[in-house]
Amino acid sequence: MSDQDFLITVDGMKVRAKRGQTIISACDAAGVYIPRLCHHPDLKPAGHCRLCSCYIDGRRASACTMPAAPGMVVVSNNEELNNDRRVVLDMLFVEGNHFCPTCEKSGDCELQALAYRLGITAPSLTYQWPKREIDASHPDVFIDRNTCVLCSRCIRASRDVDGKSIFGFSGRGLGMRLNIDSETKLSDTSFAAIDKAAKVCPVGCIVIKRTGYRTPIGRRHFDKAPIGTDIEACEVGDPE
Amino acid sequence: MAKPRLATCSLAGCFGCHMSLLDIDERLVELLDLVDLDKSPLTDKKEFDRPVDIGLVEGGCANDHNVHTLRQFRKNCRILVSVGACAITGGVPAMRNMIGLKECLEEAYITGPTIEGKGMIPNDEDLPLLLDRVYPSHEVVKIDYFLPGCPPSGEAIWFFLKALLTGREPDLPYRMLKYD
């Protein structure tokens with residue numbers, strides 16, 4: 001433990017953190033999984049999805065944006081927070097059009113995997129069936145806004161990693177949509193399948209063409225173990 | 001003591017969930033030791049004539065006949081279970097929900113590329129009336145339990161039924177909880 005490191009408490013466990021590190025990134029390194037959808041370790045934090053909301057020193061805040069500070073006490077895994085997470089996931093399912101049985105991302109989808117992890121068998125809210133646009137104009141990538149969860153991963157990846165700023169949001173509230181930097185379609189942009197923004201979508205919204213259904217059922221990412229298992233399997237040294 | 005009675009129905013579904021039930025293979029014999037199969041496509045019994053303990057509903061509600069059957073099941077079954085993606089989410093039939101019924105029928109029967117000559121939307125009075133959209137079962141009647149999957153595996157159906165029949169909460173293990 002270097003001089004710069006300090007300890008925080010997460011669900012009663014001691015977790016080592018570095019100055020400037022967010023709570024979620026300290027927890028990831030320590031093998032403590034906090035559910036998240038918009039957070040991606042290679043991208044700047046956004047705090048959009050609220051799934052990682054925890055009690056931090058008694059107040060609710062998102063673990064992906066809150067910097068760790070010495071002695072912080074974090075509660076993440078309790079029934080109240082997990083129930084709120086289930087409601088957030090419920091809302092995402094009914095506000096979009098998610099047809100898991102036919103979706104190319106099924107089995108590798110983080111939305112689906114989080115619902116599995118939290119034991120959701122059916123949504124508790126009424127389906128909205130919104131009309132959403134599909135853009136299949138690009139030769140290598142399609143956008144299916146039916147499944148978009150407005151996490152902004154593609155926006156941040158395109159802007160901060162690819163340096164292209166192809167994606168953005170338009171509208172607000174229920175009318176909010178993923179937009180592209182073009183008058184008409186994705187094929188008019190400089191977007192490429194090798195872009196970071198093409199690889200970070202947690203759901204089946206931005207999908208690389210001709211890659212679907214390649215992995216057999218049973219061998220997909222979340223078929224055998226819940227999302228977060230890889231983080232929880234991290235070797236954790238004694239923080240003391 | 002009389003055995004618990006089990007009823008099943010397939011509404012706007014593909015019968016895949018029933019196929020999956022049959023997929024429990026030789027355990028079907030064990031199932032028939034545990035329950036009496038009542039109204040079901042497997043028995044071809046047409047109407048309820050006595051109370052049933054467990055009703056399994058496959059498929060969502062796409063037409064008025066589906067709604068009628070589902071309400072009959074709710075009225076006659078003590079425990080009603082939504083089985084499979086179509087019953088729980090509307091599933092593949094619900095893909096028409098974002099398009100609109102009129103537009104969908106016109107594409108299928110009048111303007112679609114496979115229509116030869118002048119098409120016509122079927123309008124026989126014997127046909128069940130299509131609903132404005134496909135509804136998941138729990139948006140029509142109260143559902144007690146949900147067994148997701150497309151279809152749920154035979155293993156998941158067997159686990160679920162055995163739990164219900166032995167008075168345990170049917171909490172599916174991770175590997176059996178699937179939406180596809």
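Proteins get letters first, then strands, A, B, ... in listed order; numbering begins at 1 in each.
The two residues A:Trp129 and B:Thr89 have their closest heavy-atom pair at CH2-O, 3.3 Å. Smallest separation of non-hydrogen atoms from B:Met98 and A:Lys131: O-NZ, 3.2 Å. Between B:Tyr179 and A:Ile120, the shortest heavy-atom contact is OH-O, 2.6 Å.
Once rounded to the nearest 0.5 Å, the distance linking CZ of B:Phe160 with OG1 of A:Thr121 reads 8.0 Å. Note that CZ of A:Phe99 and SG of B:Cys150 are 11.5 Å apart. Values are rounded to the nearest 0.5 Å.
Among A:Ile217, A:Asn97, A:Asn146, the residue making the largest number of heavy-atom pairs under 4.5 Å with chain B is A:Asn97. Annotation: maximal heavy-atom pairing with chain B below 4.5 Å, among A:Pro123, A:Cys103, A:Ala122, A:Gly107, occurs at A:Ala122. The most heavy-atom pairs under 4.5 Å with chain A, out of B:Val92, B:Leu172, B:Asn97, B:Ile88, come from B:Asn97. Chain A forms more heavy-atom pairs under 4.5 Å with one residue of B:Arg133, B:His138, B:Lys178 than with any other, namely B:Lys178.
Residue-environment remark: CZ (A:Arg172) stays at or below the threshold of 12 foreign heavy atoms within 6.0 Å. Counting non-hydrogen atoms of neighbouring residues, nucleotides and ligands closer than 6.0 angstrom, the CZ atom of B:Arg71 reaches no more than 12 such neighbours. More than 12 heavy atoms of other residues, nucleotides or ligands lie within 6.0 Å of CD in A:Glu80, so this atom counts as buried by the packing criterion. For A:Glu133, the CD atom sits in a loose shell: 12 or fewer heavy atoms of surrounding residues, nucleotides or ligands are nearer than 6.0 Å. The 12-atom threshold is not exceeded at NZ of B:Lys75, counting heavy atoms of other residues, nucleotides or ligands nearer than 6.0 Å. Taking a 6.0 Å sphere around CZ of B:Arg50, one finds it holds more than 12 heavy atoms contributed by other residues, nucleotides or ligands. The local environment of CG in B:Leu127 is crowded, with over 12 non-hydrogen atoms from other residues, nucleotides or ligands closer than 6.0 Å. Annotation: A:Lys224, atom NZ; neighbour count of heavy atoms from other residues, nucleotides and ligands within 6.0 Å does not exceed 12.
Heavy-atom distances place the side chain of A:Phe93, and not its backbone, under 4.5 Å from chain B. With a threshold of 4.5 angstrom between heavy atoms, A:Thr102 approaches chain B through side-chain atoms but not through N, CA, C or O. In this structure, no portion of B:Leu147 lies under 4.5 Å from any heavy atom of chain A.
Side chain of B:Tyr174 to main chain of A:Ala225: a donor-acceptor pair is present (N/O by atom type, distance under 3.5 Å, no hydrogens or angles). Looking at B:Glu139, its side chain does come within 3.5 Å of a backbone N or O of A:Tyr127 through a donor-acceptor pair.
Using a 4.0 Å cut-off between charged nitrogen and carboxylate oxygen, A:Arg220 and B:Asp180 count as a salt-bridge pair.
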